[in-house]
Amino acid sequence: MTTSSRNTLVFWALLFSLGRTFAQSAEKSAEKEPVAILELGAAASHSLSGGGPAGGPSLAVEVTPIKEWLEIEAGVTPLFGAQATEWDTDLLFKKPWTLSRKVEFMAGIGPEWVHTRRGGAGVDALAGEAALDFMFWPTRRRKFGWYLEPAYDHGFVYAHDQSFGVTGGLLIAIP
């Protein structure tokens, strides 16, 4: 197991523990919130700096430390393109709004670590991400749903790479 894989696993474990702690302390209300929400989906991205399109699977976990004010999402997305393979690991801080019983909207920003392999050489870079998140819950119990999340990424080093992407998929509430 590589160092970056171990760091990613430790990161996920800490985030899940943090979410469970916050959820257990906030479970005093009659309406039970899930401990976390798992996002399983697919991502498509297009570089605005000349790198071309890329796509791949996406996995994220979202917790709510402050109901109606803050949601924290940690995710990882490998993107496979014709010229490069990129692993994006992000941590987004989002402000949620409930639009109806079945629709939520969130806007968020946060840091992103990007590992790119191009021509056999790997490069690590820090980036920033801004995302809009639309969540749709077809049932009142909100156990399963789907999401659509457009995002803009801007690299802070090297060529200051920029990209626009869309992620969508299944939501699974973790009780």
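Note that this is a predicted model, so its numbers are computed, not measured.
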Report task. Nearest 0.5 Å please: distance from the CG atom of Leu38 over to the CG atom of Leu59. Result -> 5.5 Å

Report task. Working to the nearest 0.5 Å, report the span between OG of Ser163 and CD of Glu129. Result -> 8.0 Å

Report summary line: Nearest heavy-atom contact between Val76 and Trp87 is CG2-CE3, 3.8 Å

Report task. Of all the heavy-atom pairs spanning Ala173 and Pro34, show the shortest one and how long it is. Result -> CB-CB, 3.9 Å

Query - Considering all heavy atoms, the nearest Val63-Ala36 contact - result: CG1-CB, 4.0 Å

Query - Shortest non-hydrogen separation from Pro175 to Val35 and the atoms involved - result: O-CG2, 3.3 Å

Query raised in the report: Any side-chain heavy atom of Trp146 within less than 4.5 Å of one from Leu171?
Result: no

**Report entry** Glu149 and Val166, any side-chain heavy atoms less than 4.5 Å apart
**Finding:** no

Report task. Using atom types as modelled and distance alone, determine if a side-chain donor or acceptor of Lys94 lies under 3.5 Å from a backbone N or O of Ala107. Result -> no

Report task. Could you tell me whether the side chain of His154 and the main chain of Gln162 form a donor-acceptor pair under 3.5 Å? Result -> no

**Report entry** Straight-line distance of Glu39 CD to Glu62 CD, nearest 0.5 Å
**Finding:** 5.0 Å

Report task. Check Phe164 against Leu48 and note the closest heavy-atom contact, atom names and distance. Result -> N-CG, 4.3 Å

Query raised in the report: Between atom CG of Leu91 and atom CH2 of Trp113, what is the distance when rounded to the nearest 0.5 Å?
Result: 14.0 Å

**Report entry** Greater than 12 external heavy atoms within 6.0 Å of Trp137's CH2
**Finding:** yes

Query - Axial cation check for Trp69 ring with Lys67, 6.0 Å and 45° limits - result: no

**Report entry** Heavy-atom check, side chain of His115 versus side chain of Thr85, under 4.5 Å
**Finding:** no

Query raised in the report: Are the side chain of Ser58 and the backbone N or O of Ala43 linked by a donor-acceptor pair below 3.5 Å?
Result: no

Requested in this report: Report the residues that fulfil salt bridge (charged side-chain N to carboxylate O under 4.0 Å, His left out) with Glu104, sequence neighbours left out, ordered by chain and then residue number.
Outcome: Arg142

Query raised in the report: Would you say Asp90's side chain and Gly75's backbone share a donor-acceptor pair under 3.5 angstrom?
Result: yes

Query raised in the report: Hey, is NZ on Lys95 packed in by over 12 heavy atoms from elsewhere, all under 6.0 Å?
Result: yes

Report task. Measure the CG-OG1 distance between Leu79 and Thr116 for me, rounded to the nearest 0.5 Å. Result -> 9.0 Å

Query raised in the report: Just by distance, do the side chain of Thr98 and the backbone of Ser100 share a donor-acceptor pair under 3.5 Å?
Result: no

Report task. Determine yes or no for a side-chain-to-main-chain donor-acceptor pair under 3.5 angstrom, with Ser47 supplying the side chain and Ser49 the backbone. Result -> yes

Requested in this report: Establish whether Ile109 and Met106 are linked, either directly or via other cluster members, by ILVMFWY side-chain heavy-atom contacts under 4.5 Å.
Outcome: no

Query raised in the report: Taking everything shown except Ile172 itself, do over 12 heavy atoms lie less than 6.0 Å from its CD1?
Result: yes

Query raised in the report: Would a 4.5 Å heavy-atom cut-off, applied to side chains only, mark Pro57 and Phe80 as touching?
Result: yes

Report summary line: Phe134 meets the ring pair (Phe, Tyr, Trp, His ring centres under 6.0 Å) criterion, sequence neighbours left out, with Phe105

Query raised in the report: If Ile, Leu, Val, Met, Phe, Trp and Tyr residues are connected whenever their side-chain heavy atoms lie under 4.5 Å apart, and connections chain through other members, are Leu99 and Met135 in the same group?
Result: no

Requested in this report: Please name the pair of heavy atoms, one in Arg118 and one in Gln83, separated by the smallest distance, quoted to 0.1 Å.
Outcome: CG-O, 3.5 Å

Query raised in the report: Going from OH on Tyr147 to CG on Leu170, what distance comes out if it is rounded to the nearest 0.5 angstrom?
Result: 8.5 Å

Report task. Give a yes or no on whether Leu40 and Ile37 share a hydrophobic cluster (residues Ile, Leu, Val, Met, Phe, Trp, Tyr; joining criterion: side-chain heavy atoms under 4.5 Å apart). Result -> no

